[in-house]
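Just the heavy atoms: all of them, side chains too, but no hydrogens, waters or symmetry mates, feed the values below.
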Number of protein chains: 2
Amino acid sequence: MTLDPDISTPLWRQLVDVLVARIEDGTYRKGGRLPSEVSLQQEFGVARGTVRHALQHLVAEGIAETTNGKGTYVRP
Amino acid sequence: MTLDPDISTPLWRQLVDVLVARIEDGTYRKGGRLPSEVSLQQEFGVARGTVRHALQHLVAEGIAETTNGKGTYVRP
DNA sequence: GGAAATTTGTACGTATGTATC
DNA sequence: GGATACATACGTACAAATTTC
């Protein structure tokens, strides 16, 4: 699964869509922890800031929660 | 009005407080446009990213709205 | 119509601080 | 103390939308 820098949809938006899809198909379980920012950065080949932008969007939408020092968790 | 990098409150948070105070005291009018990101960056001596962080917080709280190419407006 | 200026949006990189394990 | 993970803050560059001339 990769992101495409050549289409008009921003990378962070594409990443949101991938993460949401993975939550819905059970790849990431509700109540479970998402991969770390660095992990996602490496997997998708984007900057950490882009990963954070996507994650913060999930948080803003109430899909996830973030705790400093622990990680970002999918809301049950 | 300046921000203080030496206290624990993040700069973007301090900036939010200043902007909210200015909205409440009428310096920035409801329905009116806030100063541009570059203006705020210069006035407060912080990075544009810090200004954007503060503004996005206002948007998330429903205090302001942003339009690409136009500006950030205080909600009436 | 079109070029320039203004303003927000996206994306990158780096460094350091704070919290948790 | 060390390793891991998120948080803050700086800087840069270019894209996209709007306004102005």
Side-chain angles (χ1 to χ4, degrees), chain A residues 1-20 22-23 27-29 31-75, chain B residues 1-20 22-23 27-29 31-75:
Chain A
M1 190 64 215
T2 59
L3 309 181
D4 184 353
D6 294 330
I7 62 179
S8 65
T9 307
L11 292 174
W12 68 265
R13 209 355 149 182
Q14 295 181 45
L15 182 51
V16 166
D17 293 342
V18 172
L19 297 177
V20 168
R22 288 186 177 177
I23 290 167
T27 302
Y28 304 141
R29 279 168 302 185
R33 211 196 75 182
L34 293 175
S36 72
E37 295 174 355
V38 173
S39 295
L40 293 171
Q41 168 181 1
Q42 291 169 342
E43 175 181 1
F44 293 98
V46 294
R48 193 182 152 209
T50 305
V51 172
R52 284 181 60 80
H53 197 153
L55 292 177
Q56 286 164 7
H57 202 265
L58 294 183
V59 172
E61 283 192 337
I63 297 173
E65 289 179 35
T66 294
T67 307
N68 188 358
K70 294 188 67 179
T72 302
Y73 294 79
V74 183
R75 287 182 56 159
Chain B
M1 190 64 215
T2 60
L3 309 181
D4 184 352
D6 294 328
I7 62 178
S8 65
T9 306
L11 292 174
W12 68 266
R13 211 350 150 184
Q14 296 181 46
L15 181 51
V16 165
D17 293 342
V18 173
L19 297 177
V20 167
R22 287 185 177 177
I23 290 168
T27 303
Y28 303 142
R29 277 168 304 191
R33 212 195 74 181
L34 293 175
S36 72
E37 295 173 356
V38 173
S39 295
L40 293 171
Q41 169 181 1
Q42 291 170 342
E43 176 180 0
F44 293 97
V46 295
R48 192 183 151 212
T50 304
V51 172
R52 284 183 60 80
H53 196 153
L55 292 177
Q56 286 164 8
H57 201 265
L58 294 183
V59 171
E61 283 192 335
I63 298 173
E65 289 179 34
T66 293
T67 307
N68 188 359
K70 294 188 66 178
T72 302
Y73 294 79
V74 183
R75 286 182 57 158

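A sub-4.0 Å separation between OP1 or OP2 of D:dC10 and a side-chain N or O of B:Thr50 is present. Look at A:Arg33 and you'll find a side-chain N or O under 4.0 angstrom from OP1 or OP2 of D:dA5. Side-chain N/O atoms of A:Arg52 include one lying less than 4.0 angstrom from OP1 or OP2 on D:dA7.
If you take CG of A:Leu34 and C1' of D:dC6, they are 13 Å apart, rounded to a whole angstrom. One can place NE2 of A:His57 at 9 Å from P of C:dT10, the figure rounded to the nearest angstrom. Taking atom NE2 of A:His53 as the reference point, atom P of D:dT8 lies 15 Å away to the nearest angstrom. Regarding B:Leu15, its CG atom lies at a distance of 10 Å from the P atom of D:dA9, rounded to whole Å. The CD atom of A:Gln56 sits 11 Å away from the C1' atom of D:dT8 (whole-angstrom rounding). Taking atom CG of residue A:Leu11 and atom C1' of nucleotide D:dC14, one finds them 14 Å apart after rounding to whole Å. To the nearest angstrom, C1' of D:dT8 lies 12 Å from CD of B:Gln14. Whole-Å rounding puts the A:Leu40 CG to D:dT4 C1' distance at 15 Å.
Using the six-membered ring where Trp is involved, A:Trp12 and A:His57 have ring planes that are tilted, between 30° and 60° apart.
When the nearest nucleotides of DNA chain C are assigned to A:Tyr73 and A:Trp12 by heavy-atom distance, the more 5′-ward of the two goes with A:Trp12. Both B:Thr66 and A:Lys70 lie near DNA chain C, and the one whose nearest nucleotide falls closer to the 5' end is B:Thr66.
Within 4.0 Å of A:Leu55, counting heavy atoms only, lies no atom of the nucleic acid at all. Note on A:Gly49: nothing from the nucleic acid sits closer than 4.0 angstrom, heavy atoms only.
The side chain of B:Ser36 sits closest to C:dT7 out of C:dA11, D:dA5, C:dT7. Taking the side chain of A:Asn68 as heavy atoms from C-beta on, and the options D:dC6, C:dG13, D:dA16, the nearest nucleotide is D:dC6.
Note that OG of B:Ser36 is 7.5 Å distant from CD of B:Gln42, once rounded to the nearest 0.5 Å. Atom-to-atom distance recorded for B:Thr27:OG1 and B:Met1:CE is 11.5 Å, nearest 0.5 angstrom.
One N or O on the side chain of A:Gln14 and one on the backbone of A:Thr9 form a donor-acceptor pair closer than 3.5 Å.
For the side-chain contact (heavy atoms from CB on, under 4.5 Å) criterion with B:Val74, the lone passing option out of B:Leu19, B:Leu58, B:Leu34 is B:Leu34.
For A:Arg48 against D:dA7, a side-chain-to-base donor-acceptor contact under 3.5 Å is present. Residue side chain A:Arg13 does not reach the base of C:dG9 through any donor-acceptor N/O pair under 3.5 Å, judged by distance alone.
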